[in-house]
There are 2 protein chains.
Amino acid sequence: MARSSQTQMAVLGALSIEPMTAYALRETIRDVLGHFWSESFGQIYPTLHALEEEGHVRRRGGARARSSEFVITESGTARLIELLSEPARKVPARDGLMLRLFFGRTLGPDRCRDLLQQARAAAEGRLTEYEALLARLEAEEGDTPDWPYIRTTLRAGIHHSRSTIAWADESLAALSALPGGSPSP
Amino acid sequence: MARSSQTQMAVLGALSIEPMTAYALRETIRDVLGHFWSESFGQIYPTLHALEEEGHVRRRGGARARSSEFVITESGTARLIELLSEPARKVPARDGLMLRLFFGRTLGPDRCRDLLQQARAAAEGRLTEYEALLARLEAEEGDTPDWPYIRTTLRAGIHHSRSTIAWADESLAALSALPGGSPSP
DNA sequence: ACCTGCATGTAAGTCGTTACATGATTGA
DNA sequence: TCAATCATGTAACGACTTACATGCAGGT
């Protein structure tokens with residue numbers, strides 16, 4: 001369990017879909033899991049080496065080659081199942097937007113409204129993105145056994161974005177009653 | 001800027017409401033901001049010392065006393081406004097539940113349904129809590145100038161919990177079609 | 001000839017938690 | 001008097017990010 005089992009989980013998961021290079025791994029994680037997961041090179045390479053040493057992945061295309069793909073092994077699949085079965089570790093909450101709004105009196109109503117507008121716009125953008133992705137993937141991957149699960153995560157994004165938009169609208173309406181003003185000490 | 005400006009923001013924010021000891025600070029942050037923020041002793045004490053050195057907080061009740069309260073100074077308030085005005089730094093996404101569901105085929109439908117049930121139950125619990133808190137605070141603090149802002153963060157929790165419940169229900173219905181089974185390699 | 005993208009890695013630094021150590025006060 | 005709670009801190013560790021260093025391949 002040399003490196004973070006979190007990273008191992010994402011890496012093994014991605015390799016369970018198809019073999020790829022470390023570089024492609026990072027791109028895939030960014031593009032495909034990006035809405036709820038992230039990994040950096042600094043994590044991926046050491047993790048990959050550790051996994052190789054433990055026999056959970058195998059190098060293909062030359063150990064010293066400049067473009068070697070990693071393939072998940074049987075023990076790697078077992079390890080992945082083990083990791084996925086562990087309870088998700090709870091990441092300590094740290095929501096900068098909420099903290100700023102909580103101390104909104106100090107920050108001032110105008111800036112708070114700005115923050116809400118920004119949050120709304122960001123959520124709107126994500127919503128559009130998720131909906132487009134859902135439609136595209138429904139057509140492309142609709143038959144694969146992975147699809148129901150992938151769809152579930154996408155639907156989470158859609159639900160969440162919508163609720164953020166509704167909350168922002170409601171809050172903007174509520175705060176519109178307040179007189180504008182700069183930060184008040 | 002010795003210690004994390006994030007922690008400074010939370011600490012100064014809490015002290016802007018009322019002076020308190022480091023110990024009480026941690027309790028307050030846990031109890032009041034706990035839904036979207038967390039701080040540990042290991043952060044709070046050094047941060048407080050740094051803030052004292054910079055003149056942003058002042059000790060009251062004896063420098064060497066065993067129970068000294070910290071009071072925010074004028075420069076501390078200015079610093080707080082400055083910190084609140086900074087753009088919220090985005091924390092890298094790491095949602096263990098989504099990752100598990102994404103690789104749900106490997107984890108197996110049964111366990112995925114378990115995860116969804118758990119997520120639903122947790123959201124339900126938070127929703128009840130937020131609603132009770134909202135009603136209580138509405139009565140107690142409804143007139144204070146801080147209330148509209150605090151209310152906004154509480155409403156965010158309510159919206160978010162509801163959307164999680166709706167998503168979980170929808171997903172459970174969608175996954176109920178799948179045949180049960182253990183992890184499939 | 002040069003720039004961009006693919007590819008592999010390391011080192012340093014940040015941020016934060018957990019566990020430990022220590023002691024005063026207070027209520028049962 | 002004994003346990004719980006209040007109170008203050010430090011040390012060790014863990015997880016990640018960023019920035020840096022390096023080089024090849026392919027297109028213009």
Side-chain angles (χ1 to χ4, degrees), chain A residues 1-11 14 19-31 33-34 36-53 57 59-70 83 86 88-96 99, chain B residues 1-11 14 19-31 33-34 36-53 57 59-70 83 86 88-96 99:
Chain A
M1 208 170 286
R3 275 272 157 174
S4 152
S5 46
Q6 301 256 107
T7 300
Q8 288 202 358
M9 185 163 42
V11 164
M20 53 187 118
T21 67
Y23 188 86
L25 207 40
R26 191 260 188 138
E27 301 243 295
T28 302
I29 290 173
R30 172 160 46 69
D31 297 345
L33 310 178
F36 52 84
W37 203 264
S38 70
E39 293 293 348
S40 59
F41 281 135
Q43 289 282 101
I44 290 178
Y45 282 102
T47 298
L48 230 24
H49 295 327
L51 286 172
E52 192 181 14
E53 209 152 300
V57 302
R59 221 179 257 258
R60 190 166 70 179
R64 280 252 57 83
R66 58 233 78 64
S67 217
S68 52
E69 287 183 331
F70 290 89
L83 287 170
E86 281 177 8
R89 90 170 61 163
K90 53 167 150 287
V91 79
R94 231 114 204 275
D95 188 324
L99 193 65
Chain B
M1 208 168 288
R3 277 270 157 175
S4 152
S5 46
Q6 301 256 110
T7 300
Q8 288 203 358
M9 185 162 43
V11 164
M20 53 186 116
T21 67
Y23 188 86
L25 207 40
R26 192 263 187 132
E27 302 242 295
T28 302
I29 289 174
R30 171 158 48 67
D31 297 345
L33 310 179
F36 53 83
W37 203 264
S38 70
E39 293 293 346
S40 59
F41 281 135
Q43 290 282 100
I44 289 178
Y45 283 102
T47 298
L48 230 24
H49 294 330
L51 286 172
E52 192 181 14
E53 209 150 304
V57 303
R59 223 178 257 259
R60 190 166 70 181
R64 279 250 58 83
R66 56 234 82 61
S67 220
S68 52
E69 287 182 333
F70 290 89
L83 287 170
E86 281 178 8
R89 88 170 63 164
K90 53 168 152 287
V91 79
R94 230 111 205 277
D95 188 325
L99 194 65

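These numbers come from a predicted model, not from an experiment. Below, chain A is the first sequence line, B the second, and so on; all start at residue 1.
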For atom CZ of A:Phe41 and atom P of D:dT22, their distance in whole Å:
18 Å
Within the 4.0 Å heavy-atom criterion, would you say B:Arg89 contacts the bases, only the backbone, or no part of the nucleic acid?
sugar-phosphate
Compare the minimum distances between each of C:dG9, D:dA7, C:dT17 and the side chain of A:Pro92, then state the nucleotide with the smallest one.
C:dT17
With rounding to the nearest 0.5 angstrom, report the CZ to CZ distance, B:Phe41 to B:Arg26.
4.5 Å
Mind checking whether B:Gln8 and B:Gln43 have side chains closer than 4.5 Å, heavy atoms only?
no
Of all the nucleotides listed (D:dC6, D:dG9, C:dT8), which has the minimum atom distance to the side chain of B:Glu27?
D:dC6
Distance in angstrom units between B:Arg26 CZ and D:dT5 P, rounded:
14 Å
side-chain N/O A:Thr47 vs D:dA15 OP1/OP2, d < 4.0 Å
no
Just the rounded figure in Å: distance from P of C:dG9 to CG of A:Leu25.
13 Å
Any side-chain N or O of A:His49 less than 4.0 Å from the OP1 or OP2 oxygen of C:dG9?
yes
Nearest to the side chain of A:Thr7, heavy atoms from C-beta on, is which of D:dC16, D:dT8, C:dA7?
D:dC16
NA contact type, B:Ser40, heavy-atom cut-off 4.0 Å: base, sugar-phosphate, or nothing?
base
From CD of A:Gln43 across to P of C:dC15 the rounded distance in Å is 17 Å
For A:Ser67 and C:dC6, is the shortest distance between a side-chain N/O and OP1 or OP2 below 4.0 Å?
no
Rounded to whole Å, how long is the line connecting atom NZ of B:Lys90 with atom P of C:dC15?
16 Å
With a 4.0 Å limit, can you tell me whether B:Arg94 has a side-chain N or O closer than that to the phosphate oxygens OP1/OP2 of D:dC16?
yes
Closest of D:dT17, D:dA7, C:dT10 to the A:Tyr45 side chain is C:dT10
OH of B:Tyr23 versus P of D:dA4: gap in Å, rounded?
13 Å
Please state how far atom CD in B:Glu39 lies from atom P in D:dG9, giving the value in whole angstrom units.
17 Å
B:Leu48 CG to D:dT8 P, in whole Å, measures 9 Å
Minimum side-chain heavy-atom gap B:Val11-B:Val57 below 4.5 Å:
no
